[in-house]
Amino acid sequence: MNILHISDIHFRQVYDQVETGYKGMIAKMDNPLLQLRKSLADIKNKQEIELLLISGDLTEDGEVSDYSFLKEWLCHEIGDIPIIVTLGNHDIKANFYQGWLKEDPSGKPYNTVVTFEDFNVISFDSSIHGRPDGQMTDGQFKWLQEQLEKHQEKPVILMTHHHVLKQQSSMPPLPEAKKLLKLISGYPVLCLLNGHTHHVYQGNVNGIHSYTADGMSFVGEEEGQGNIRFEQRFGYNFYRVRHGVMISQISESFFTGKIIARVDIIE
């Protein structure tokens with residue numbers, strides 16, 4: 001199966017018109033759907049997409065209508081290709097349940113298991129809105145362990161929002177990362193997928209591959225003394241899985257050269 005992995009779209013139909021700080025940067029960036037359309041066109045020219053995975057921050061603190069719009073837009077662009085998502089720290093669960101799933105609003109974690117012929121995809125929710133580093137509660141660990149126990153007949157692609165390898169970013173990893181890695185080491189996990197950092201990364205822990213996708217919106221580069229340079233940069237990961245084995249992986253990054261803003265995150 002050919003799998004496209006994207007992350008951190010941070011979509012809004014209308015962004016808050018703020019002049020300074022992080023929100024001011026968001027207001028100045030290009031519409032991320034323009035970048036997503038370029039990414040989809042690029043990969044479609046090379047490979048057929050059979051599954052789309054999105055590892056969180058679908059919206060920038062989005063409204064119900066933002067989730068509805070984004071899902072309808074994606075379905076129009078890619079047709080009936082399956083889409084599996086997880087939520088990030090900028091996603092609002094109640095609005096996601098209403099807008100994306102067309103269900104009653106809920107604050108419960110969004111966890112899913114989807115079975116394919118050669119593998120299973122387990123998507124688990126490490127997000128808490130407004131808490132950048134995320135969290136895995138005891139309840140989430142229990143749920144994940146139960147699913148790993150239940151789905152040992154095939155390799156598992158495990159997807160969440162937050163990264164688990166401290167060395168990959170100056171941003172703190174998921175606080176329960178060590179506990180998570182210890183848990184999954186005893187199961188047939190093909191790979192661990194995430195977003196959050198907006199920087200592409202490949203790592204390996206105890207034989208389990210860990211892949212982070214570029215953001216689809218912006219990337220922040222530290223300049224020292226609390227200053228962050230936000231650039232218009234985006235990309236995707238693409239995996240080919242055959243008979244439960246990862247046979248290839250590519251990462252594509254697009255550099256526009258546009259600096260959106262410089263922000264002092266300390267002030």
Side-chain angles (χ1 to χ4, degrees), residues 1-8 51-58 83-89 91 109-116 118-127 132-137 140-169 171-216 235-242 244-251:
M1 179 172 277
N2 294 345
I3 304 170
L4 177 62
H5 172 201
I6 64 173
S7 197
D8 296 270
L51 173 62
L52 174 61
L53 304 180
I54 309 177
S55 53
D57 280 355
L58 284 75
I83 304 173
I84 303 174
V85 307
T86 191
L87 301 183
N89 50 290
D91 287 308
Y110 178 66
N111 302 318
T112 58
V113 181
V114 184
T115 297
F116 296 94
D118 295 327
F119 59 90
N120 297 305
V121 177
I122 297 179
S123 170
F124 71 95
D125 190 352
S126 62
S127 74
D133 301 343
Q135 182 183 36
M136 278 196 73
T137 63
Q140 283 293 81
F141 271 104
K142 181 181 179 181
W143 178 88
L144 180 57
Q145 185 169 16
E146 289 174 350
Q147 300 310 312
L148 290 170
E149 286 284 346
K150 186 177 179 180
H151 296 91
Q152 295 192 63
E153 80 287 356
K154 299 176 185 178
V156 169
I157 294 176
L158 200 58
M159 180 172 71
T160 191
H161 179 62
H162 294 88
H163 63 294
V164 297
L165 302 179
K166 183 178 180 181
Q167 67 269 24
Q168 77 176 79
S169 175
M171 298 171 65
L174 181 71
E176 299 80 16
K178 291 182 179 179
K179 184 178 178 180
L180 173 61
L181 291 171
K182 182 178 179 180
L183 170 63
I184 67 176
S185 64
Y187 296 95
V189 176
L190 181 62
C191 58
L192 178 61
L193 309 182
N194 69 271
H196 188 53
T197 70
H198 294 225
H199 287 78
V200 64
Y201 184 84
Q202 301 177 30
N204 188 294
V205 180
N206 300 326
I208 297 174
H209 294 289
S210 176
Y211 298 111
T212 302
D214 271 324
M216 195 54 67
Y236 61 80
N237 286 353
F238 192 81
Y239 317 106
R240 295 177 66 211
V241 177
R242 298 291 183 270
V245 176
M246 180 85 70
I247 64 172
S248 70
Q249 181 273 332
I250 64 169
S251 298

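Only this structure's heavy atoms are used, side chains among them; waters, hydrogens and symmetry mates stay out.
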Side chain proximity check, [X] to [Y], heavy atoms < 4.5 angstrom:
X	Y	answer
Ile3	Arg240	no
Glu176	Phe141	yes
Leu180	Leu174	yes
Asn2	Phe238	yes
Ile54	Leu52	yes
Asn237	Thr212	no
Met136	Leu144	yes
Val241	Phe119	yes

Scan side-chain atoms only and decide if [X] and [Y] contain a donor-acceptor pair under the 3.5 Å cut-off.
X	Y	result
His161	Asn194	no
Asn120	Thr115	yes
His5	Ser55	yes

Is the backbone of [Y] close enough, under 3.5 Å, to the side chain of [X] for a donor and an acceptor to pair up by distance?
X	Y	result
Arg242	Ile247	no
Asp91	Leu58	yes
Asp214	Val200	yes
Gln140	Asp125	yes

Between atom [atom1] of [X] and atom [atom2] of [Y], what is the distance when rounded to the nearest 0.5 Å?
X	Y	atom1	atom2	result
Leu53	Ile83	CG	CD1	10.0 Å
Ile208	Ser185	CD1	OG	6.5 Å
His151	Tyr187	NE2	OH	13.0 Å
Ile157	Cys191	CD1	SG	4.5 Å
Ile122	Gln147	CD1	CD	6.0 Å
Thr86	Leu158	OG1	CG	9.5 Å

Nearest heavy-atom pair of [X] and [Y]: which atoms, and what distance?
X	Y	answer
Asn89	Asp57	N-OD1, 3.1 Å
Ile84	Phe116	CD1-CE1, 4.0 Å
Gly244	Pro155	O-CG, 3.4 Å
Pro175	Asp133	CD-O, 3.3 Å

Exercise for the section: May I ask you to decide if the ring planes of His163 and His196 are parallel, tilted or perpendicular, using 30° and 60° as cut-offs? Expected result: parallel
Practice task
Evaluate side-chain contact (heavy atoms from CB on, under 4.5 Å) for Tyr201 paired with Leu165, printing each intermediate quantity in order.
Solution key: CA-CA 10 Å; Tyr201 184 84; Leu165 302 179; 3.8 Å; yes
Exercise for the section: Answer with yes or no after comparing the ring centroid distance for Phe124 and Tyr110 against a 6.0 Å cut-off, counting only values under it. Expected result: no
Fill in the blank from the handout: Sorted by chain and number, sequence neighbours left out, side-chain hydrogen bond (donor to acceptor under 3.5 Å, both in side chains) with His162 holds for Ser126
Practice task
Only counting residues at least two apart or in another chain, list the ones meeting side-chain hydrogen bond (donor to acceptor under 3.5 Å, both in side chains) with Gln249.
Solution key: Gln202, Ser251
Exercise for the section: Using the test salt bridge (charged side-chain N to carboxylate O under 4.0 Å, His left out), find all partners of Lys179 that sit at least two apart in sequence or belong to another chain. Expected result: Asp138
